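It should be emphasised that the depicted structure is a prediction, and the values quoted were computed from it without experimental measurement. Every chain is numbered from 1, with letters handed out A, B, ... down the list of sequences.
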Amino acid sequence: MAKDHSNFFNDVYEVVRLIPSGRATNYGAIANYLGTKGSARMVGWAMNAAHGMADVPAHRVVNRAGVLTGKSHFETPTIMQERLEAEGVEVVNDKIKNFDKIFWDPNTELAL
DNA sequence: TGGCTGACTTTCG
DNA sequence: ACGAAAGCCAGCC
């Protein structure tokens, strides 16, 4: 399982893994951090492969509005919200409450 | 080799 | 303020 096979996917996994508990980020931030800012979709795609990895908390990755867009891709559409609430994140209507304060930007937190 | 798809984002109407 | 369309890159057929 060499990480050099797909740098893009691996990078996404690492960034998502670096997301601290009780925090969440969005696809655009990760894409921007990786340099592929134009392809925020690809981040989601990478997560599609990442959802098979337990080490990748995909539930901490949401869209720029803080909505749990990818919840449907989990084992169950409720897993994402359940896990976020378990982390201490308030979720209402499949949307993260106070997303503005729990938002975790790799470009800022990792201090590029 | 060429073209479609995709867990997004931004902008024009 | 809401709706629809374009743009982006990388994997997959």
Side-chain angles (χ1 to χ4, degrees):
Chain A
M1 310 307 281
K3 59 184 181 176
D4 53 287
H5 187 261
S6 297
N7 290 332
F8 184 81
F9 277 49
N10 188 7
D11 285 345
V12 175
Y13 303 150
E14 285 199 55
V15 175
V16 176
R17 271 185 231 166
L18 290 172
I19 302 174
S21 178
R23 290 281 189 262
T25 188
N26 64 316
Y27 303 96
I30 298 174
N32 188 13
Y33 180 74
L34 298 180
T36 56
K37 60 180 182 180
S39 312
R41 301 196 264 204
M42 280 276 48
V43 179
W45 188 303
M47 307 246 59
N48 195 4
H51 84 65
M53 299 181 178
D55 294 323
V56 183
H59 60 273
R60 292 181 187 159
V61 184
V62 296
N63 70 345
R64 78 126 188 150
V67 182
L68 288 54
T69 48
K71 69 185 177 97
S72 302
H73 288 264
F74 281 79
E75 301 174 72
T76 60
T78 55
I79 287 285
M80 196 169 188
Q81 182 172 336
E82 292 289 301
R83 284 195 176 186
L84 283 171
E85 290 182 314
E87 296 283 313
V89 179
E90 299 180 71
V91 180
V92 180
N93 292 334
D94 297 325
K95 188 178 71 179
I96 297 177
K97 190 184 179 79
N98 299 326
F99 179 63
D100 184 40
K101 43 196 288 194
I102 69 161
F103 176 63
W104 184 85
D105 188 345
N107 296 285
T108 303
E109 301 302 316
L110 299 182
L112 234 258

**Item:** All stems with DNA chain B, defined as three or more consecutive Watson-Crick or G-U pairs under 3.5 Å
**Value:** B:2-6 with C:9-13, B:8-13 with C:2-7

**d(CZ, A/F9; P, C/dG11) in whole Å** = 6 Å

**Asked** With a 4.5 Å limit on heavy-atom distance, are the side chains of A/V62 and A/T69 in contact?
**Response** no

**Message:** Once side-chain contact (heavy atoms from CB on, under 4.5 Å) is applied, do any residues pair with A/A86, and if so which ones, sequence neighbours excluded?
**Reply:** none

**Message:** Does A/N48 reach a base, just sugar-phosphate, or nothing at all? Heavy atoms under 4.0 Å.
**Reply:** base

**Prompt:** Mind checking whether A/W104 and A/V61 have side chains closer than 4.5 Å, heavy atoms only?
**Reply:** no

**Asked** Taking the side chain as C-beta and beyond, is there a heavy-atom pair between A/E87 and A/H59 under 4.5 Å?
**Response** yes

**Asked** Do the non-hydrogen side-chain atoms of A/H51 and A/M47 ever get within less than 4.5 Å of each other?
**Response** no

**Message:** What contact category does A/A46 fall into here, base, sugar-phosphate, or nothing, at under 4.0 angstrom with non-hydrogen atoms?
**Reply:** nothing

**Item:** Gap between atoms CZ and P, on A/F99 and B/dT9 respectively (whole Å)
**Value:** 9 Å

**d(CG, A/N32; P, B/dT10) in whole Å** = 10 Å

**Asked** Once each nucleotide of nucleotides 1-6 of chain B is scored for protein heavy atoms under 4.0 Å, what B/S/- sequence comes out, 5' to 3'?
**Response** ----BB

**Message:** Side-chain N or O of A/N26 versus OP1/OP2 of B/dT9: is the shortest distance under 4.0 Å?
**Reply:** yes

**Request:** Find the distance A/D94:CG to B/dA7:C1' and express it as a whole number of Å.
**Result:** 13 Å

**Asked** Which whole-number value in Å describes the distance from A/N10 CG to C/dG11 C1'?
**Response** 16 Å

**Prompt:** With respect to the side chain of A/F8, which nucleotide from B/dA7, B/dT9, C/dA10 is positioned closest?
**Reply:** C/dA10

**Message:** Without decimals, in angstroms, what is the distance between A/N63 CG and C/dC8 P?
**Reply:** 21 Å

**Prompt:** If you count the non-hydrogen atoms of other residues, nucleotides and ligands that lie under 6.0 Å from CG in A/D100, is the total more than 12?
**Reply:** no

**Listed nucleotide nearest any side-chain atom of A/T36, set B/dA7, C/dA10, B/dT9** = C/dA10

**A/M80-A/F103 co-clustered via ILVMFWY side chain contacts under 4.5 Å** = yes

**Message:** Can you confirm whether A/D55 sits close enough to A/Y13 that some side-chain heavy atom of one is under 4.5 Å from a side-chain heavy atom of the other?
**Reply:** no

**Request:** Would you mind reading off the distance between A/R64 atom CZ and B/dC8 atom P, rounded to a whole angstrom?
**Result:** 13 Å

**Asked** Considering only heavy atoms from C-beta outward, does the side chain of A/R60 approach that of A/S21 to under 4.5 Å?
**Response** yes

**Prompt:** Rounded to the nearest Å, what distance is computed from the CG atom of residue A/L84 to the P atom of nucleotide B/dA7?
**Reply:** 19 Å

